[in-house]
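Letters A, B, ... are given to chains in the order of the sequence lines, protein chains preceding strands, and every chain is numbered from 1.
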Number of protein chains: 2
Amino acid sequence: MAKVKLIDVAQLASVSKSTVSQYLNGRFDYMSKETQVRIRAAIKELDYVPNPIARNLKADKTKTIGVIVRDITGFDTSRTIRGVDDYCKAIDYNALIYNTDFDPDIEAKSLEALYQLRVDGIIIASSGKNNQLISDYIKKGMPIVHFQLEHDGSEKNLILSDYRQAAFDATEYLIQLGHKRICFVTQDFKNVKSRNERYIGYASALEKHHIPLDKNLIQYWQRETGFEHSPKSILSASAAPTAFFTQHLAITTELLTHLNQEKISIPDDVSLIGFDEIPMAEFFKVPITVVKQEPYIIGKEAAKLLLENINDKNRHSQKIMISCSITQRQSCASPREDISL
Amino acid sequence: MAKVKLIDVAQLASVSKSTVSQYLNGRFDYMSKETQVRIRAAIKELDYVPNPIARNLKADKTKTIGVIVRDITGFDTSRTIRGVDDYCKAIDYNALIYNTDFDPDIEAKSLEALYQLRVDGIIIASSGKNNQLISDYIKKGMPIVHFQLEHDGSEKNLILSDYRQAAFDATEYLIQLGHKRICFVTQDFKNVKSRNERYIGYASALEKHHIPLDKNLIQYWQRETGFEHSPKSILSASAAPTAFFTQHLAITTELLTHLNQEKISIPDDVSLIGFDEIPMAEFFKVPITVVKQEPYIIGKEAAKLLLENINDKNRHSQKIMISCSITQRQSCASPREDISL
DNA sequence: CAAATAAGATAAACCGGTTTATCTTATTTG
DNA sequence: CAAATAAGATAAACCGGTTTATCTTATTTG
């Protein structure tokens with residue numbers, strides 16, 4: 001590519017490499033006005049651009065951070081990454097994205113790759129299967145901030161939605177509509193604190209309103225195998241729920257598919273509030289009410305937090321929570337009288 | 001971070017830096033078996049990881065490419081980037097993403113930033129406002145491949161959907177349903193070949209079926225100002241269209257919003273086929289039929305084409321076209337009799 | 001006016017690797 | 001058995017910058 005190097009500029013301006021380097025780094029008081037003028041002219045004439053590789057080698061900095069996510073393609077994820085990237089670009093950093101599809105092996109490889117690349121820091125939404133590995137890298141001096149997923153034992157730098165409050169709000173919203181049997185649809189939440197937090201929010205909203213928690217209304221879903229019990233069977237059980245509260249977009253989507261297939265109508269037969277914003281929800285047959293997170297803000301804040309840690313290695317770690325908000329649409333209504341009895 | 005360097009390994013293994021370097025680069029026939037064993041042991045003991053920065057400085061390669069897009073957040077765009085990234089990661093490359101929001105200034109700055117970073121090549125969906133700048137960089141030796149957007153005068157390496165065929169297919173599909181007055185809703189397409197191609201596809205489908213092209217059925221939309229004529233006014237004109245064919249997702253979305261507001265029903269009052277896949281379309285009040293592109297494949301192919309150019313600078317440039325396909329849903333029906341007369 | 005200081009600039013070491021030319025020593029060749 | 005060759009290894013230059021110690025020369029100080 002560009003073959004002009006610092007020495008060429010130095011020769012053209014009849015000064016030493018050192019002086020040109022000083023000039024490039026803005027230390028103008030080390031040279032006379034005329035020298036500055038000559039260097040400026042030489043740089044312009046040669047169309048010189050400093051080589052950041054050489055510069056970074058000396059500085060032991062890459063001005064690059066790594067971001068490890070499940071899949072950049074996700075609606076919220078792409079927005080988080082945009083937030084990270086906007087913050088980075090503004091301070092002349094770059095972000096390297098690694099998609100893991102939540103495979104712990106790929107996650108481990110991504111961490112190692114970023115470590116080898118000497119990125120200045122890493123932002124990760126981790127699977128929770130590599131906690132030991134991650135703390136090893138932290139020990140080696142790599143600044144790491146977690147986002148969105150919190151795991152027991154990973155109490156380091158962390159930024160995430162206030163899941164507990166959000167789940168509390170969503171549950172209370174349904175209660176205020178008159179629901180008493182609210183089905184909490186979730187992935188397994190042991191060891192995954194950010195899922196457990198939602199559960200706590202749900203439970204405490206029930207408690208506040210003196211509604212007993214019915215374990216049968218906690219329903220599980222897995223990415224590979226789907227629902228443990230089909231939505232249809234859940235709805236035809238003895239004390240069937242009058243509302244679903246799904247804990248993330250993939251669950252919401254799959255539940256909707258089931259409900260459509262079974263011709264179960266929302267909100268007439270059952271109400272639904274989902275966690276995570278739904279793209280184009282306004283065009284849905286029934287626009288779905290959601291608790292929406294702020295992925296873009298989370299991305300920006302994550303980048304900010306990481307950079308603070310990069311620039312001050314002795315910083316105490318912190319946990320930042322971002323509020324969620326309910327976007328009311330048309331999937332929640334008061335339960336039918338006959339059911340609520 | 002890792003402070004172990006090559007010289008440490010060399011000392012521990014009691015050999016010279018050169019030999020360790022040879023080892024690292026797999027040139028084992030330059031040393032004895034025992035030496036190899038000693039070096040291997042030393043690397044392991046010290047947990048040594050070569051510094052790619054130093055390596056790249058010498059190699060004058062960064063193993064990094066740049067990707068300039070409007071916004072990573074877009075449904076198709078995020079998938080294209082995933083394609084690019086998957087290809088890159090498989091060959092030990094990284095991709096740096098730059099979002100421009102289609103601002104030509106930001107686009108120019110992104111190009112310059114990537115040039116200064118010495119990336120090995122660039123993939124760009126360009127605004128068309130920086131054609132001169134782009135050819136300057138190409139002249140300076142930067143491999144660049146365009147994707148999705150083709151502009152007059154930028155006939156270099158290019159990968160994009162077969163827009164002409166896709167528009168032809170979509171138009172013919174509507175014709176076969178009985179439509180004769182099909183409204184082609186587009187952004188201004190002079191100087192933007194990839195938009196013009198759609199127009200040609202549309203026009204030639206009409207011609208094949210002996211339907212005269214009515215200029216009043218070509219309707220314009222702009223990102224900032226929206227529709228030139230409101231959909232309502234278009235539909236109440238004398239020879240109103242019986243179907244809309246929108247040229248990308250943003251147009252489709254905005255048209256849907258208008259139609260909903262005016263309580264114009266699809267496909268009863270008017271049919272609609274959109275360009276670009278729509279997320280979660282299956283849950284729509286009226287699931288929209290679309291011509292869908294293959295963003296992931298385009299991303300992979302773009303990366304592949306770029307790498308070919310990086311590795312063989314004298315390569316002749318090429319243009320690759322990827323087929324689109326129609327996903328039939330429920331927004332297209334035969335026109336009402338009274339209207340078609 | 002000699003000594004101390006300030007201004008302006010440079011030489012040389014360094015960052016962490018790679019590569020090429022060269023050197024040793026042992027082995028093969030005629 | 002001397003000369004040529006092969007095997008194994010290293011010294012030194014290089015990639016393109018930055019930084020520190022040092023050097024000149026002009027200016028200030030007492």
Can you tell me which nucleotide in [options] comes closest to the side chain of [X]?
{"X": "B/K58", "options": "D/dT19, D/dC15, D/dG17", "answer": "D/dC15"}
{"X": "B/L6", "options": "C/dT10, D/dG17, C/dT18", "answer": "C/dT18"}
{"X": "A/S32", "options": "C/dA9, D/dT10, C/dG17", "answer": "C/dA9"}
{"X": "B/K5", "options": "C/dG16, C/dG8, C/dT19", "answer": "C/dG16"}
{"X": "B/R55", "options": "C/dA9, D/dT18, C/dT18", "answer": "C/dT18"}

What is the separation between atom [atom1] on [X] and atom [atom2] on [N], rounded to the nearest whole Å?
{"X": "B/Y30", "N": "C/dT18", "atom1": "OH", "atom2": "C1'", "result": "12 Å"}
{"X": "B/I7", "N": "C/dG17", "atom1": "CD1", "atom2": "C1'", "result": "11 Å"}
{"X": "B/L24", "N": "C/dT19", "atom1": "CG", "atom2": "P", "result": "11 Å"}
{"X": "B/D60", "N": "D/dG16", "atom1": "CG", "atom2": "P", "result": "7 Å"}
{"X": "A/K61", "N": "C/dC14", "atom1": "NZ", "atom2": "P", "result": "24 Å"}
{"X": "B/Q11", "N": "C/dG16", "atom1": "CD", "atom2": "P", "result": "13 Å"}
{"X": "A/K63", "N": "D/dT18", "atom1": "NZ", "atom2": "P", "result": "12 Å"}
{"X": "A/D8", "N": "D/dG16", "atom1": "CG", "atom2": "P", "result": "9 Å"}

For [N], the Watson-Crick or wobble counterpart (both distances under 3.5 Å):
{"N": "C/dA13", "value": "D/dT18"}
{"N": "D/dC23", "value": "C/dG8"}
{"N": "D/dC1", "value": "C/dG30"}

Tell me what A/N25 touches on the nucleic acid: a base, only sugar-phosphate, or nothing, going by heavy atoms under 4.0 Å.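 Sugar-phosphate contact only - A/N25 comes under 4.0 Å of backbone atoms but never of a base.
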
Considering every strand and a 4.0 Å limit on heavy-atom distances, what is the contact class for A/V20: base, sugar-phosphate, or nothing?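 The residue A/V20 makes no contact with any strand.
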
Compare side-chain N and O positions of [X] against OP1 and OP2 of [N] and report whether any pair is under 4.0 Å apart.
{"X": "A/R27", "N": "D/dT19", "answer": "yes"}
{"X": "B/Y48", "N": "C/dG17", "answer": "yes"}
{"X": "B/S18", "N": "C/dT19", "answer": "no"}
{"X": "B/T19", "N": "D/dT10", "answer": "yes"}

Do A/Y23 and A/R40 have side-chain atoms, one donor and one acceptor, less than 3.5 Å apart? yes

Any side-chain donor near an acceptor of the partner, A/T19 and A/S16, under 3.5 Å: yes

Might you confirm whether atom OH of B/Y30 has over 12 heavy atoms from other residues, nucleotides or ligands at distances under 6.0 Å? no

A/K61 atom NZ, over 12 foreign heavy atoms within 6.0 Å: yes

dist A/I159:CD1 -> A/I320:CD1 (nearest 0.5 Å) comes out at 4.5 Å

Answer yes or no for A/R79 and A/Y296: cation-pi contact, defined as NZ/CZ to six-membered ring centre under 6.0 Å and angle to ring axis within 45°.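 Pair A/R79/A/Y296 does not count as cation-pi.
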
With nearest nucleotides of DNA chain D determined for B/L57 and B/M31 from heavy-atom distances, which residue corresponds to the more 5′ nucleotide?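 Taking each residue's closest nucleotide, the earlier one in sequence belongs to B/M31.
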
Comparing A/K17 and A/Q22 on DNA chain C - which has the more 5′ nearest nucleotide: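 It is A/Q22 whose nearest nucleotide is closer to the 5' end.
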
